[in-house]
Amino acid sequence: MSALSSPSAAGSSAVPLAQIIDLHLRSKSLPTHGNLSNTEEDVPTVTALHEFQHQKGKKWYSDATAYWEETENCPATVDGVLGGFAELSPPDVKGSLPFIDVLQSTFKVGNEKACDIGAGIGRVSKLVLLEKFRTVDLVEVSSRLIKAAPEYIGDPRSKDCRFMCLGMEEFDFGTAKYDVVWVQWVIGHLTDEDLITFLNRAAAGLKPNGVIVVKDNVSDAEAFWVDEDDSSVTRGREYMTKLFDLAGMEIILQRESDEFPKEIFPVPMYALRKK
């Protein structure tokens, strides 16, 4: 099977993943086009997006790593990891904490161990996950940022953390370890194919009542928007949820905060389990 293919419903042949998504968006009368950030070039279909990423090859990920390793792009501060929008942190935390409360009270998610994917300096771990879970594994591709995390989190809670410098496309979750895998403002760095693989690896790493939480920007105006500087894609809602479906995931809880400024992308939260 090629890197740009996904099993067909019949299971006997391969249909390009991009084509599946394009057809799904058209069936919903939604746009299939997107844009490149630097050139504002129109990309007509998801198929064309996949071709663009395929041409970049491994540079799609190495360019992202290089971007986050550069201090000028991202100082090791809350303002830095939020792209100069430190003011988004309080409303973000305000939305995340009650979301976890519902997961733990209604969906029986435990409170032992969380995994913070794309952890940066540990903002989400410190302000959200360590408020609700006893221990947290932080996974971050930038060695510079993850080295800053223990000091940012501080004692004594940093002692309840493990700090791992690794890209999420490579991270091995193990088996039945985590109550929650938290993936915030980072899933756009994964190609569609790697996103599906990632979700299945993450699901294998969950305890029986565990969940994957994806909290990220979505585009309501177009199918996708490519940030060429940091190698990321902001997907439309239907695009994102179709990938969840293709990965065999079920959305068990969904919320969207009304605390964020209206001028930024919407930021829904999805709690996922295997179907």
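Nothing here was measured: the structure is a model prediction, and the numbers come from that model.
- Ring planes of Y178 and F171: tilted class, angle from 30 to 60°.
- Within 6.0 Å of CZ on F85 lie no more than 12 heavy atoms contributed by other residues, nucleotides or ligands.
- The side-chain hydrogen bond (donor to acceptor under 3.5 Å, both in side chains) analysis of residues 164-176, with sequence neighbours excluded, yields no pairs.
- Note: F198 CZ to I196 CD1 = 13.0 Å, rounded to the nearest 0.5 Å.
- Here the CZ-OG distance, from F133 to S125, works out to 11.0 Å after rounding to the nearest 0.5 Å.
- Environment of NZ in K275: crowded, with over 12 heavy atoms of neighbouring residues, nucleotides or ligands closer than 6.0 Å.
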For a side chain to side chain contact (heavy atoms under 4.5 Å, CB included) check, start with the C-alpha distance between N111 and D179, then their side-chain angles and the critical distance, and finish with the verdict. CA-CA 7 Å; N111 64 354; D179 295 297; 5.8 Å; no
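- Between the CZ atom of F163 and the CG atom of D137 there is a distance of 9.5 Å, given to the nearest 0.5 Å.
- At least one side-chain heavy atom of K274 sits less than 4.5 Å from a side-chain heavy atom of N200.
- Inspection of the W185 and N217 side chains reveals an N or O donor paired with an N or O acceptor under 3.5 Å.
- Side-chain contact check for D101 versus K132: some heavy-atom pair is nearer than 4.5 Å.
- For the residue pair L138 and A149, the shortest heavy atom distance occurs at CD2-CB, 4.2 Å.
- A side-chain contact (heavy atoms from CB on, under 4.5 Å) with C115 holds for exactly one of V139, I212, V183; it is V139.
- In this structure, W182 and F99 have perpendicular ring planes: the angle between them is above 60°, well past the 30° mark.
- Screening D216, D227, D192 for a salt bridge (Lys or Arg N to Asp or Glu O under 4.0 Å) with R235, the sole residue that qualifies is D192.
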